[in-house]
Amino acid sequence: EAQVTQNPRYLITVTGKKLTVTCSQNMNHEYMSWYRQDPGLGLRQIYYSMNVEVTDKGDVPEGYKVSRKEKRNFPLILESPSPNQTSLYFCASSLEQGYGYTFGSGTRLTVV
Amino acid sequence: GEDVEQSLFLSVREGDSSVINCTYTDSSSTYLYWYKQEPGAGLQLLTYIFSNMDMKQDQRLTVLLNKKDKHLSLRIADTQTGDSAIYFCARGANFGNEKLTFGTGTRLTIIP
């Protein structure tokens, strides 16, 4: 089944403890992206990648890192999480411009 | 995203038509999308329209685009309880990186 898989689905962590949210897609898509969803703000793009080793900042990149070493994987790294990064995170992938994104099921992160 | 705006809530009687509206500010947007998010799930691409089109119909869904007013709407005919969800409008950038800017989402509630 064609899909975007994120792990974990839920995560509670403490301030300052490094964490990684994994994302993998099995559709051979070029584009991948991370979004965060917050009430009243819709979805805001954190980082995106147009291909292996090609990444760029989205609208809210502060406090996040990404890497794209393989086409299928696009992990999101929080080196020192803070409570304002408590949010619902979505990974998404797209074949090319105009096809729209296929979204993962989301990761609900709570930083205490 | 401030440059994509939607009303937060809409209530419609079962069997009536729902019309969800969206306005955007960036006239260079090439693609415009509608996504549906059901509770606890990721976003599902419903439909999209290219900026050189005025209308697109797909079964119960009709998308209307008024480029002059930068206004996009999604009409759902014969609204059913399964249509209850949050609907997001999104615009695509014009430079091939599939960077989508989302609205805040409209929560559609169906009244039996």
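So you know, we letter chains A, B, ... as the sequences are listed, proteins then strands, and number each from 1.
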Taking the side chain as every heavy atom from C-beta outward, state whether B/Tyr35 and A/Tyr101 have any atom pair closer than 4.5 Å.
-> yes
Sequence-distant partners of A/Gln37, side-chain contact (heavy atoms from CB on, under 4.5 Å), two or more places apart = A/Leu43, A/Leu88, A/Phe90, B/Gln37, B/Phe88
Applying the 4.5 Å side-chain criterion to the ILVMFWY set and letting contacts propagate, would A/Val4 and A/Trp34 be lumped into a single cluster?
-> no
Rounded to the nearest 0.5 Å, the CG atom of B/Leu100 sits from the OH atom of A/Tyr48 at a distance of 11.5 Å
Interface residues of residues 10-27 of chain A facing chain B - heavy atom cut-off under 4.5 Å = none
Is A/Ile46 reachable from A/Met50 through a run of hydrophobic residues whose side-chain heavy atoms are each under 4.5 Å from the next?
-> no
Interface residues of residues 59-68 of chain A facing chain B - non-hydrogen atoms under 4.5 Å apart = A/Asp59
Shared hydrophobic cluster, A/Tyr47 / A/Leu41 (ILVMFWY, side-chain heavy atoms < 4.5 Å) | no
Using non-hydrogen atoms and a limit below 4.5 Å, what part of residues 45-76 of chain B faces chain A?
-> B/Leu45, B/Tyr48
Same apolar cluster: B/Leu43 and A/Tyr89, side chain cutoff 4.5 Å = no
Which bit of A/Arg108 is near chain B, if near means a heavy-atom gap under 4.5 Å: side chain, backbone, both or neither?
-> neither
Has the side chain of A/Tyr35 got a donor or acceptor atom that lies under 3.5 Å from a matching backbone atom of B/Phe102?
-> no
Cluster question for you: counting only ILVMFWY and a side-chain heavy-atom cut-off of under 4.5 Å, with indirect links fine, are A/Val54 and A/Tyr31 together?
-> yes
